Amino acid sequence: MVKVMTDLLTSQPLPDSHKSFSGPCISFERVGLRFGNTTILEDINFNVENGTIHCLIGPNGGGKTCLARSLLGQMPHTGRITINWPAGKVIGYVPQLLDFDHTLPITVDDFMAMICQDHPAFFGLKKKHHDAVTRSLAAVGMESLRKRQMGQLSGGERQRVLFAQALLPSPDLLILDEPMTGLDEVGSSLFEDMLIKLKNNGVTIFWIHHDLKQVKKMADFVTCVNRKILFSGSPADVLTADRILNVLSREQAFPVNL
Amino acid sequence: MTAVYEFIRLQVQQWALAGIAPESFKYSFVINSILCSFLIGPVLGGIGTLVVTKRLAFFSQAIGQAALTGVAIGIMLGEPYTSPYASMFGFCILFGLFMNFTKNRTKMSSDTLIGVFLSISLAIGACILLYVTAKVNIHVLDNILFGSILTVNDTDMNVLLIISFVCVLLGLPCYNRMILASFNPSLAHVRGVKVCFLDYLFILMITVITVASVKIIGAVLVEALILIPAASARNLSKSMKGFFVYSIIFATLSCVIGVIVPMELEIPVPSGGAVILVASCFFFATTIVKMLGERTRCTKKIR
């Protein structure tokens, strides 16, 4: 027990994270999104506090990814999304997957080079980025596989690389789109540790997720979206048994009085 | 530029007379085509890695076929039939941009869309060609369709030089971004990549280099020289560096060998055909190497 305590006290902050409580707070006000006659999202109102882990849950096709992409400014949404940046404005984004030909000869290092420099990736990773890339790959336990081709990695390993790129440069806001898909047990607990460290460094984390057990364990706040907001609040309050049942059974109309 | 070309030609011709270079190098058209090969090879080989990575092989094929229609339009409008550049550039650029615009707007699957556009351009080309061939001998078209080193002149070399320069200048700084945009547009956008703009820029690049290479490789076969060296390089390489370097080497060697060998052996084949056949040899050789490599890896695993 004592050992655990000292471990926690001496635990190193993340690579090149020197900021404290730099994460933004975000407010969604009457956000809506329509494609033609289909309403994807309507009347979305909630806030994301700075320096918290905020999980977004909901059935597939309920508009979670669309909401995240609206936040990233990639969707023509209505209403207003305000991001209040106290310090830096770096967004880290972990996408669900990479769409690429798995036989391509692109190594992990090549991919990281593509992410952080304009200098063509085939000339190799530049010296000035080398240390930062090494640190962020080490943080997700992928340093030893950096010469491996992206296509030869397992799904979970590829997710770790995608996580590593979101740490470069050190983010203030981290947006994760179901990053645990295909992740193994070790990777999953590694992710949890990383997220807690980031949160302790003041990073705001907006996390689309479907593993409710993990949400209950990790999240400070949780919002459930299926076209509209079904419920929103701290996991202990809002994740009640019958609500969970409804999320899982993809119940459409779900009248909740918040 | 003409003075530079003239200087190089005189120099090489002297070598040929002195017996240092092969005898055929005393003809200036041979030197022209070799010079072009050294330009086309690296540029097409490099762009090829992007085309393969972005999975746009079929797309670039369609643009190559559009060059044929461009030629037909050019001759109809009265451009010189050996170099109807204005019509080729004009039609191919419009065609490429319009195809990409439609793809972005309709969200149609790209193979369907490209198939439709390719057929349309071929149909237009076929109709105009029939009309045009009433006026000119159809065999002059062979030069444009399949390449002919005999007709390469200083204008062609200037066009190729400028276009290659522009492609390198635009392509190198945008290389990473173009690939990232195809891997995950959302991630690319977060990383500050102008996804849509680069998409159009890349299509412009493929289009202009295709048109500029038509004289050597021929309208129908240019895309093969973009695709095949990159595909061969992929068989051998384990990283981006190898992929890029091998692709350039294969493309350049294919061009040079494809131009020189038929000339030395006095085989009357179009240069484009010869170049692509050489490139295909590289492709099959590397495929065999890859297959053997995988087999040994499998047997090692079993043991």
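For clarity, every value in this text was computed on a predicted model and none was experimentally measured. Order of the sequence lines fixes the chain letters, A, B, ..., with proteins taken first and strands second; residue numbering starts at 1 for each chain. Any value given below was found using the heavy atoms of this structure, including those in side chains, with hydrogens, waters and symmetry copies removed.
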So what's closer than 4.5 Å to chain A heavy atoms on B:Phe244: side chain, backbone, both or neither?
-> side chain

Against chain A, label B:Ser182 side chain, backbone, both or neither, depending on which of its atoms sit under 4.5 Å from a heavy atom there.
-> backbone

For chain A, which residues of residues 201-210 of chain B have heavy atoms nearer than 4.5 angstrom = none

Spell out, as yes or no, whether a donor-acceptor pair under 3.5 Å connects the side chain of B:Asn176 to the backbone of A:Ile115.
-> no

If you tally heavy-atom pairs under 4.5 Å against chain A, which of B:Leu180, B:Leu172, B:Val193 wins?
-> B:Leu172

How far does OG1 of B:Thr49 sit from CD1 of A:Ile106, to the nearest 0.5 angstrom?
-> 9.5 Å

Note: vs chain B, highest number of non-hydrogen pairs under 4.5 angstrom among A:Arg148, A:Met150, A:His119 is A:His119

Check the surroundings of atom OH in B:Tyr246: do more than 12 heavy atoms from other residues, nucleotides or ligands lie under 6.0 Å from it?
-> no

Residue-level contacts of residues 229-240 of chain B with chain A, using a heavy-atom cutoff under 4.5 Å = B:Arg234, B:Ser237, B:Lys238, B:Ser239, B:Met240

Could you walk me through whether A:Leu104 and B:Val52 pass the side chain to side chain contact (heavy atoms under 4.5 Å, CB included) check?
-> CA-CA 9 Å; A:Leu104 279 176; B:Val52 167; 4.2 Å; yes

Show the numbers, then the answer: is there a side chain to side chain contact (heavy atoms under 4.5 Å, CB included) between B:Lys241 and A:Asp110?
-> CA-CA 9 Å; B:Lys241 193 177 185 177; A:Asp110 287 334; 5.9 Å; no

Please round to the nearest 0.5 Å and tell me the distance separating atom OG1 of A:Thr107 and atom CZ of B:Phe243.
-> 13.0 Å

Going by residue number, which parts of residues 91-98 of chain A are within reach of chain B, meaning a heavy-atom gap below 4.5 Å?
-> A:Ile91, A:Tyr93, A:Pro95, A:Leu97, A:Leu98

Could you tell me which of A:Lys147, A:Gln74, A:Gln152 has the largest number of non-hydrogen atom pairs under 4.5 Å with chain B?
-> A:Gln74

So which residues of residues 63-73 of chain A are in contact with chain B at a heavy-atom cut-off of under 4.5 Å?
-> A:Arg69, A:Leu72, A:Gly73

Can a salt bridge be assigned to the pair A:Asp118 and B:Arg177 using a cut-off of 4.0 Å between side-chain N and carboxylate O?
-> yes

Name the orientation class of the two ring planes belonging to B:Tyr175 and A:Phe122 (parallel below 30°, tilted from 30 to 60°, perpendicular beyond 60°).
-> perpendicular

Measure the CG-CE distance between B:Leu187 and A:Met114 for me, rounded to the nearest 0.5 Å.
-> 11.5 Å

Under 4.0 Å between a Lys/Arg side-chain N and an Asp/Glu carboxylate O for A:Asp99 and B:Arg55?
-> yes

